[in-house]
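Heads up: the structure comes next, in structure tokens.
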Amino acid sequence: MNEPQDLTRDPVIDPAPDGIDEGRRLIRLGGDKGLSLADRLAERFHRLTWRTPLHTLRLKGRYPLKLIAVPDDPILGDIARGTMLLEGVLSFRGEARDIETLDLAKPLPKPFAEYLHSFAWLRDLSTVATRARGAPIAEYLMGLWLTAHADTQGGIAWRPDMWGRRILAWTAHAPLILSSSDQIYRSKVLNALAKGALHLDRSADKAPAGAPRIAAWCGVVAAGLLIPGGEPRQQFGEAGLLRALGTGLFDDGGSVSRSPAMLLDSIQLLTLLQESYAARSAELPETVAVTLTRMVAALLGVAHADRGLSSWQGGGPASETQVAAVIEASGVRTRPLRQARDWGYQRLAAGTAVLIVDAAPPPIARLVEGGCASTLAFEFSDGPARIVVNCGGARAGIAQLPPAMVEGLRSTAAHSTLTIADSNSTAIHVDGTLGRGVGEVELSRQESDAASRIEASHDGYVRRWGFLHRRQLMLTGDGRELRGEDALLPHGRKRRTGLSLFSIRFHLGAGVQVSPTADGLGAILRLPGGPLWQFRCRGGALVVEDSVWIDADGRPVATQQLMITGEAAAGGASVSWALKKA
């Protein structure tokens, strides 16, 4: 049942023992991974020792304003966005602005503003332009930013995570922003860099846990490595980065946000930081390097066979090209994590088939913006073809998506799982936060040469409806058949006297064509460029309805879904179904 290894690549490193825990285990809603009292005291001590008179002298010009080294950016940017920049247009997720009329003093849509202020566009520009052609564009946009924000702290431009990303981008693409012979301009850029580093020294821990805080502390460390006299800052930053990784990641390498997109982002940040060390002929601290290996394994665990990401917690299905580029740049060679004990994704792989299951409660509301009620949903692929998916993209869609649609993408109904009366398994509040719902997931997993089986249940419908949702999934050893059963089991004090309507949705991948069978209990699925799969069910009525899938560019793609509907009496209900390769 192990996935094939590429023997032409570097030796595979095991991130941690990945034995499959057979039998039952209980996954409870995670608590706060905050600092202990001892950690807080240690943090306070580090802050006090960093803010010494010696530190003040360093900041007042005792050392020359320059970069000691210029690290590489080993990750290719977006060619389409870079080409538009050459044409004078800054674009991101459907938003496009002419740079000649760009006014940075006016509010901008949040995703576009983050792209602008992080200077991530430097990577896109450098991918398509020579230094001679790209530098005038980069310096023009830099000049706009310096005029609007260099001397005015506050707002999105001065968020700690934005400064962390900006320092990584400015140092890696220094040839684009520091090619000018204008010494006043160059001095402004380097002064802004020094001020940003000082701002991060006292604000990095104020960034939200996860990728934002990791970004902030990566900026501190990079500044310590690349700005003269930065050895104390480097040590201070490395201690802060370790704390940020401890609060932002589970022990298995997954992000506490439970978002694969955020984990991919965190890997990119550490990869860029790794290049800052390389520019100084040094290596990542061993603890950070080991953590990076675990992160890559966890990311591969939620990737399909083509290495494109599955869609969870508001993220889109990052393309196989993007994921492969980041992993290649990281230098990590490892196997996919099949059983993520903490961040909660279970992976079954056999033949050319890959099954990925969300077997944990949603993330704590404060740890992710736009969390989703997706417990016990799954995605299923055959080679490069995605058969069953989640709609995804609540945080990765283009700007033109209607707000109501974005909120709908977070719902349980937008995921391939069961709903009762179209309600969410975990409440989504009007203000966007997650409320009460799934608090426990009970999980059992068994492996054999003939088949792999997962059985899991959640309590998200107990309080309102009096039912546990139990889902059993079994993938045969050749990967040619996936069998499932969804059951509603009476549980708790609440007992309903009437019938509860339920639906089980199977959102289909882009390009999958559906032909229902005459008996209304099955369908033939024609995969794009691939084989036929047969779907059969028992215990409910099968219908085919329209659906939507947010692609890797954040754009909605019209798709279809299979939906089994039924009624659960007080004693519960059970539906069995199967997907089989024709």
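Quick note: residue numbers are just sequence positions, from 1. Remember, it's a predicted structure, so these values are computed and weren't measured experimentally.
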Taking all atoms of both residues into account, what is the closest heavy-atom pair of [X] and [Y], and its distance?
X: S452; Y: L348; value: CB-CD2, 3.6 Å
X: W343; Y: A340; value: CD1-CB, 3.1 Å
X: S319; Y: A552; value: N-CB, 3.9 Å
X: G254; Y: L263; value: CA-CD2, 4.3 Å
X: I564; Y: C537; value: CD1-CB, 3.6 Å
X: C218; Y: L270; value: SG-CD2, 3.9 Å

> Yes or no on salt bridge (Lys or Arg N to Asp or Glu O under 4.0 Å) for D205 and R243, after CA distance, side-chain angles and deciding distance?
Replying inline: CA-CA 9 Å; D205 266 337; R243 293 196 307 274; 2.9 Å; yes

Pairwise side-chain contact, [X] with [Y], heavy-atom cut-off 4.5 Å (strictly under):
X: L299; Y: V326; result: no
X: L542; Y: L562; result: yes
X: R93; Y: Y115; result: no
X: V256; Y: F250; result: yes
X: V296; Y: I267; result: yes
X: I428; Y: E407; result: yes
X: L527; Y: L532; result: no
X: L249; Y: M295; result: yes

Give a yes or no answer on whether the side chain of [X] reaches the backbone of [Y] with a donor-acceptor pair at less than 3.5 Å.
X: R470; Y: A487; value: no
X: Y461; Y: S423; value: yes
X: T412; Y: S425; value: yes
X: T291; Y: T287; value: yes
X: R347; Y: A303; value: yes
X: Q561; Y: D546; value: yes
X: D459; Y: E440; value: yes
X: S310; Y: V302; value: yes
X: N424; Y: A373; value: no
X: T426; Y: V438; value: yes

Salt bridge or not for [X] and [Y], using N-O below 4.0 Å?
X: E447; Y: R453; value: no
X: R213; Y: D161; value: no
X: D422; Y: R505; value: yes
X: R480; Y: D382; value: no
X: D553; Y: R555; value: no
X: R483; Y: E481; value: yes
X: D486; Y: R471; value: yes

Gap between atom [atom2] of [Y] and atom [atom1] of [X] - 0.5 Å precision:
X: L501; Y: L499; atom1: CG; atom2: CG; value: 7.5 Å
X: T565; Y: I504; atom1: OG1; atom2: CD1; value: 9.5 Å
X: L434; Y: Q313; atom1: CG; atom2: CD; value: 7.0 Å
X: L409; Y: H415; atom1: CG; atom2: NE2; value: 8.5 Å
X: E485; Y: S576; atom1: CD; atom2: OG; value: 6.5 Å
X: I387; Y: L482; atom1: CD1; atom2: CG; value: 8.5 Å

>> Using the rule given for side-chain hydrogen bond (donor to acceptor under 3.5 Å, both in side chains), can you reason through E379 versus H304, listing the C-alpha separation, both sets of side-chain angles and the distance that settles it, and then say yes or no?
In response: CA-CA 9 Å; E379 289 204 2; H304 289 282; 2.9 Å; yes

Cut-off 3.5 Å, side chains only: do [X] and [Y] have a donor facing an acceptor?
X: S416; Y: H507; result: no
X: T293; Y: R333; result: no
X: D358; Y: S374; result: yes
X: Q339; Y: R445; result: no
X: S257; Y: S255; result: yes

> Is there a side chain to side chain contact (heavy atoms under 4.5 Å, CB included) between I327 and L300 once you walk through the steps?
Replying inline: CA-CA 9 Å; I327 294 176; L300 290 174; 3.4 Å; yes

> Going through the distances and angles, do W549 and N390 end up as a side-chain hydrogen bond (donor to acceptor under 3.5 Å, both in side chains)?
Replying inline: CA-CA 7 Å; W549 180 68; N390 300 306; over 6 Å; no

> Checking side chain to side chain contact (heavy atoms under 4.5 Å, CB included) for the pair T417/F378: CA distance, chi angles, key distance, verdict?
Replying inline: CA-CA 7 Å; T417 187; F378 75 92; over 6 Å; no

> Would F506 and F535 count as a ring-ring contact (aromatic ring centres under 6.0 Å, His included) if you check the C-alpha gap in whole Å, the side-chain angles of each, and the deciding distance to 0.1 Å?
Replying inline: CA-CA 10 Å; F506 304 82; F535 181 87; 5.0 Å; yes

>> For Y345 and W312, take the angle between the two ring planes, folded into 0 to 90°, and tell me which bin it lands in: parallel under 30, tilted 30 to 60, perpendicular over 60.
In response: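 Plane angle between 30° and 60°, so tilted.
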
> When the aromatic ring centroids of F380 and W533 are compared, is their separation below 6.0 Å?
Replying inline: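 Centroid separation for F380 and W533: below 6.0 Å.
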
> Centre of W577's six-membered ring, under 6.0 Å away, within 45 degrees of the axis: is that where NZ or CZ of R536 sits?
Replying inline: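 Judged by the rule (NZ or CZ under 6.0 Å from the ring centre, within 45° of its axis), R536 is not positioned above W577.
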
> What do the steps show when you test S444 against Q446 for side-chain hydrogen bond (donor to acceptor under 3.5 Å, both in side chains), and what is the final call?
Replying inline: CA-CA 7 Å; S444 174; Q446 294 86 33; 2.6 Å; yes

> Given the rule in the side chain to side chain contact (heavy atoms under 4.5 Å, CB included) test, do L488 and I420 qualify, once you have shown the distances and angles that lead to the verdict?
Replying inline: CA-CA 9 Å; L488 291 173; I420 299 179; 3.8 Å; yes

> Could you walk me through whether D265 and R165 pass the salt bridge (Lys or Arg N to Asp or Glu O under 4.0 Å) check?
Replying inline: CA-CA 11 Å; D265 183 28; R165 295 175 190 276; 2.6 Å; yes

>> Does I214 form a side chain to side chain contact (heavy atoms under 4.5 Å, CB included) with L241? I'd like the steps, not just the answer.
In response: CA-CA 6 Å; I214 292 171; L241 178 59; 4.3 Å; yes

